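These notes are about the structure you will find just below.
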There are 2 protein chains.
Amino acid sequence: MSTSKRARTDYHHGDLAGAVLQTAGKVLEEQGVEGLRMRDLARRAQVSHNAPYRHFPERESLLAALAAEGFAMLGRAQQAARTAGDLRAMGEAYVAFALAHPQRFRLMFGGTVRIARHPALREVATRVFDGLAGALEREVRSTGARDASVAAWALVHGLAQLLLEDKISAAARGGRDELAFARDVLSAIRFVIRPGAPGTPQAD
Amino acid sequence: MSTSKRARTDYHHGDLAGAVLQTAGKVLEEQGVEGLRMRDLARRAQVSHNAPYRHFPERESLLAALAAEGFAMLGRAQQAARTAGDLRAMGEAYVAFALAHPQRFRLMFGGTVRIARHPALREVATRVFDGLAGALEREVRSTGARDASVAAWALVHGLAQLLLEDKISAAARGGRDELAFARDVLSAIRFVIRPGAPGTPQAD
DNA sequence: CGGGCAATGTAGTCAATGTCAACATCGAAG
DNA sequence: CTTCGATGTTGACATTGACTACATTGCCCG
């Protein structure tokens, strides 16, 4: 798998952007964001230290691309879970994604990438979330359930984060492995929409 | 406030550790973790570029100290809310803390500090969380409510995180300011312990 | 009271890194 | 065939975290 797509001269790489993004993904999952060095990626692609900058004008551009990829993955996982099961399945899929790609998840939500500066990223992210919120609201079919759906999402997201950062004491986990624990936690409560809930305040 | 405590010679600073930690806190809140440079802190303390290393052997030690400070603050906020109100007050205080100190919160939960390498930090963090969980369980007084209390915490934590990272669409927020929105979201659901919940699986 | 020691601060150095500017090479379009 | 835009290369620079060796200080103990 050495010179896979190196079709042309070998002055031009053929698909540097793709190659860099791919190995960046690997490095990310292995070493975390801090371990991502532009020059290292150049080395791995057998290319001069500055070549990657043709495709990612600054380091953060690369991070943004990686985060965008992550949101795309998360979106697909959610879709799959949604067609295959109910709300709880979607929640479990969310947590499962975070546990399967911890560093990617951190990159997506850690605030390292200033999202405002990366419209493409912003767009993927909001699309995924809008889809998610839509599915939630539809499941919970009830007017004024928008706030409740945010709560559901927050619950799942927070659980993922706390598990990732190892903030839940062993005592609370009680020996269960992470995914089983998550399942139990999500099952431990019933989500009841409050009657007088504000929902969407200004009716449109 | 220039040479506040510079009691001694002015070769020795008097309280470099404290000074560095303090200005590091300011820089953190203004510029985020990435903006924290050891050498810059040295400059601000009017001290050689290496002096801070006497107190924080590596950059991450400083970050750990800052995070520890953060957990202490959070702990106090939780205590205050707990004596002053109910569960919901504690939840709101949690979110309020995150919104008031976004960068600090990110540092505490962003996975930048490898917590395993900083026992002191680990200890403060777990103490705060154990206190939190304890309070929750006591409030929800019910056997097998441990998982439910984790859920409550996850909900609040996730909500804080999503607000911080600006991941909640304007449509969902519906014009409410962040804190009011958080309040509404937390009020939108009722937390009902599930009858057949596993709780602590292996009874001890 | 005085000497020495541990704590604290300084000076100098090094390898990495992100980023910029100027130049080289290539493929394709006219 | 020429020219041009895209892609890669070379070289340079400032900054940073970290290491080592050395200086200064205050304080403890005899």
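A, B, ... follow the sequence lines: proteins, then strands. Residue 1 opens every chain. Model, not experiment: these values are computed from the prediction.
- At a threshold of 4.0 angstrom between heavy atoms, the contacts of A:L41 with the nucleic acid are absent.
- Counting any heavy atom pair closer than 4.0 Å across all strands shown, A:H49 reaches a base atom.
- Residues B:A89 and B:A81 approach most closely at O-CB, 3.8 Å, considering heavy atoms.
- Atom-to-atom, CZ of A:R39 to C1' of D:dA12 comes out at 10 Å; the value is rounded to the nearest Å.
- For the pair B:F181 and B:A172, the tightest heavy-atom approach, listed with the atom from each and the gap, is CE1-O, 3.5 Å.
- Note: CZ (A:F56) to P (C:dG18) measures 14 Å, nearest angstrom.
- Side-chain proximity of B:V47 to the nucleotides D:dT9, C:dG9, C:dG18 is greatest for C:dG9.
- The aromatic rings of B:F109 and B:Y94 are tilted relative to each other, their planes meeting at an angle between 30° and 60°.
- Using a 4.0 Å cut-off, some side-chain N or O of A:Y53 falls inside it from OP1 or OP2 of C:dT19.
- In this model, a donor atom of one side chain and an acceptor atom of the other lie less than 3.5 Å apart for B:R106 and B:Q103.
- Among the heavy atoms of the strands lying under 4.0 Å from A:R37 are primed sugar atoms or P, OP1, OP2 only; no base atom is included.
- As judged by a 4.0 angstrom heavy-atom cut-off over every strand, B:R54 is placed among the base-contacting residues.
- Checked against C:dG18, C:dG9, D:dT9, the side chain of A:R59 finds its nearest nucleotide in C:dG18.
- Of the candidate nucleotides C:dT19, D:dG17, D:dT7, C:dT19 has the atom nearest to the side chain of A:E58.
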Next on the checklist: Let's go through A:F129 and A:H157 carefully: what are the C-alpha distance in whole Å and the side-chain angles of both, what is the deciding distance for ring-ring contact (aromatic ring centres under 6.0 Å, His included) to 0.1 Å, and is it a yes or a no?
Outcome noted: CA-CA 12 Å; A:F129 292 149; A:H157 181 82; 8.0 Å; no
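- If you measure from atom CG of A:L16 to atom P of D:dG8, you get 4 Å, rounded to the nearest angstrom.
- Computed from coordinates, the A:D15 CG to C:dG27 P distance equals 16 Å when rounded to whole Å.
- Residue A:R104 comes nearest to A:E69 through the heavy atom pair NH1-OE1, 2.8 Å, listed as atom of the first residue, atom of the second, then distance.
- Note that the two end axes of the helix from C:dC1-D:dG30 to C:dG30-D:dC1 enclose an angle of 0°, each drawn from 5 base pairs, rounded to 10 degrees.
- Counting only heavy atoms from C-beta outward, the side chains of A:R176 and A:D184 approach each other to under 4.5 Å.
- In the set D:dA18, C:dT19, C:dG9, D:dA18 carries the atom at the smallest distance from any side-chain atom of B:N50.
- One atom, CD of B:E34, and another, C1' of C:dT19, lie 16 Å apart when rounded to the nearest Å.
- For B:R43, no side-chain nitrogen or oxygen approaches OP1 or OP2 of D:dT15 to under 4.0 Å.
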